[in-house]
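Here is the structure we will look at, set down as structure tokens.
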Amino acid sequence: MSAVVSMSASMPPTWSLVKEIRKNSSEYLQKGSHSSVDFDAVIMVVSELVENAVKYGVRASDGTCVDFSLSVHGSRVKITVKNGIEKLEDYESVIFALDAIHGPRSSEELYRSRLLQIYDSPIDEKGRLGLYRIAYEGGFDIACQLESDLIKLTAWRDFNHEA
Amino acid sequence: MKRDLSVGSLHIELLRESPEQLRMVWRGRSEDRDPADYLNPFLISSIEVLSDELLVCDFRELEYINSSTIPPILRMIKKLHIDGKSARIVYDSNSSWQTASFTAFRIITDTMNLIEISGE
């Protein structure tokens with residue numbers, strides 16, 4: 001199974017794009033023989049990345065609003081989401097979270113720490129929880145690149161062969 | 001008291017099981033952009049009518065939540081704690097996402113005497 005699901009939106013996306021991408025991704029994955037654990041994890045990561053792109057992204061100078069792809073090559077699943085950003089701080093905020101994920105603290109510790117922050121300061125509810133969830137619950141690695149005013153997030157993981 | 005909430009794919013039902021116990025059953029999927037807009041008022045109002053009952057928050061039939069759903073759940077836990085209410089949060093221990101999500105909440109509830117989280 002080495003096909004790809006890809007979708008691109010050049011109009012400012014509505015929330016229904018998240019459901020559409022999730023549906024297409026589910027249909028694609030169901031053609032393979034993945035465990036329900038792997039399936040749930042992939043769909044969660046797809047949802048979180050696309051939701052962030054729809055919520056916080058803007059149209060980039062090349063016309064891209066949200067660009068999505070999901071591919072499986074052998075046992076490796078890779079999800080890529082691109083969206084335009086308005087200011088450099090948006091990219092730096094993502095890099096801050098990824099530096100933490102790749103740092104000495106475990107993803108579980110980061111996730112729990114973020115839960116505590118949200119519990120203590122409800123005003124600070126937005127941001128970073130989705131990325132920490134992708135790392136902790138999904139077990140995915142994440143990388144980020146800036147291409148002009150386009151941010152590209154890539155998440156990948158190997159499928160588990162035991163259910 | 002509003003007894004249930006249905007928004008999109010998410011359904012929450014509040015059932016009185018006995019004079020001592022209320023069960024709040026979550027079903028379906030919570031995947032909206034801003035679920036706090038309706039979850040916060042519903043959950044807060046549901047807690048405010050509790051007296052001495054145990055509130056069982058039953059998430060076992062919930063298929064999925066996005067990360068935007070988590071802050072309202074944390075706010076519910078905070079309200080329960082501040083108001084001195086007894087609650088048991090039940091998740092499906094056979095579900096990997098539920099186990100990961102709800103065991104992580106123990107970072108908050110482990111210091112609370114009246115609120116526990118258990119997998120069933």
Side-chain angles (χ1 to χ4, degrees), chain A residues 13-19 21-23 26 35-52 54-56 97 106-139 160 162-163, chain B residues 7-10 28-41 43-44 59-60 62-82 87 89 91-112 115 117 119:
Chain A
T14 61
W15 200 248
S16 60
L17 181 67
V18 180
K19 277 195 179 179
I21 287 177
R22 193 167 47 233
K23 177 174 174 289
S26 297
S35 72
S36 61
V37 173
D38 287 329
F39 180 92
D40 287 348
V42 174
I43 297 303
M44 179 275 288
V45 174
V46 165
S47 297
E48 292 290 350
L49 288 179
V50 176
E51 284 188 16
N52 278 348
V54 172
K55 271 183 175 149
Y56 305 120
S106 72
S107 57
E108 180 177 2
E109 198 183 333
L110 287 171
Y111 185 75
R112 289 180 176 228
S113 176
R114 186 71 186 117
L115 291 180
L116 268 176
Q117 287 175 340
I118 293 169
Y119 179 86
D120 287 336
S121 305
I123 295 168
D124 180 30
E125 286 183 3
K126 297 194 194 308
R128 301 201 302 279
L129 186 64
L131 290 175
Y132 292 155
R133 186 184 187 197
I134 287 168
Y136 160 60
E137 187 186 314
N160 298 318
E162 296 111 22
Chain B
V7 181
S9 306
L10 177 65
R29 309 173 57 86
S30 180
E31 52 197 8
D32 282 352
R33 183 178 180 135
D34 296 299
D37 289 348
Y38 49 83
L39 281 177
N40 283 341
L43 296 175
I44 298 300
F59 291 93
R60 292 174 297 173
L62 197 56
E63 295 166 34
Y64 172 77
I65 58 171
N66 60 7
S67 56
S68 297
T69 304
I70 292 169
I73 294 175
L74 295 179
R75 188 167 285 195
M76 175 185 72
I77 293 172
K78 190 167 195 171
K79 173 72 175 168
L80 286 164
H81 178 61
I82 288 172
I89 294 169
Y91 66 89
D92 178 4
S93 58
N94 290 319
S95 163
S96 60
W97 79 261
Q98 285 208 9
T99 300
S101 285
F102 290 99
T103 55
F105 289 169
R106 288 194 178 122
I107 190 76
I108 293 162
T109 62
D110 274 354
T111 58
M112 297 173 177
I115 300 173
I117 295 177

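Labels below follow one simple rule: chain letters A, B, ... track the order of the sequence lines, proteins then strands, and each chain is numbered from 1.
- Annotation: side chain of B:Ser67 is not in contact with side chain of A:Arg114 (no heavy-atom distance under 4.5 Å).
- Nearest heavy atom pair, residue A:Glu51 against residue B:Ser68, reads OE1-OG, 4.4 Å.
- Scored by the ring-ring contact (aromatic ring centres under 6.0 Å, His included) test, A:Tyr132 finds no partners at all (sequence neighbours excluded).
- With a threshold of 4.5 angstrom between heavy atoms, A:Arg133 approaches chain B through side-chain atoms but not through N, CA, C or O.
- Side-chain atoms of A:Tyr119 do not come within 3.5 Å of backbone N or O of B:Phe105 as any donor-acceptor pair.
- Proximity of A:Leu129 to B:Ile70: side-chain heavy atoms (C-beta onward) are separated by under 4.5 Å at one or more points.
- Looking at B:Ser9, the atoms closer than 4.5 Å to chain A (heavy atoms on both sides) all sit in the side chain, from C-beta outward.
- Using a 4.5 Å cut-off on side-chain heavy atoms (C-beta onward), B:Asn66 and A:Ser47 make no contact.
- Taking CG of B:Leu74 as the reference point, atom CD of A:Gln117 lies at 12.0 Å (rounded to 0.5 Å).
- Taking the side chain as every heavy atom from C-beta outward, A:Val18 and B:Glu31 never approach each other to under 4.5 Å.
- The distance from the CD1 atom of B:Ile107 to the CD atom of A:Glu108 is 8.5 Å, given to the nearest 0.5 Å.
- Rounded to the nearest 0.5 angstrom, A:Ile118 CD1 and B:Arg75 CZ are separated by 11.0 Å.
- Within the model, atoms CG of B:Asp32 and NZ of A:Lys19 stand 7.0 Å from one another, a figure rounded to the nearest 0.5 Å.
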CA sep, side-chain torsions, deciding dist, call: B:Arg33, A:Val54, side chain to side chain contact (heavy atoms under 4.5 Å, CB included): CA-CA 9 Å; B:Arg33 183 178 180 135; A:Val54 172; 4.2 Å; yes
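- Note that OG of B:Ser101 and CE of A:Met44 are 8.0 Å apart. Values are rounded to the nearest 0.5 Å.
- Atom CG of A:Leu115 and atom CD1 of B:Ile73 lie 10.5 Å apart (nearest 0.5 Å).
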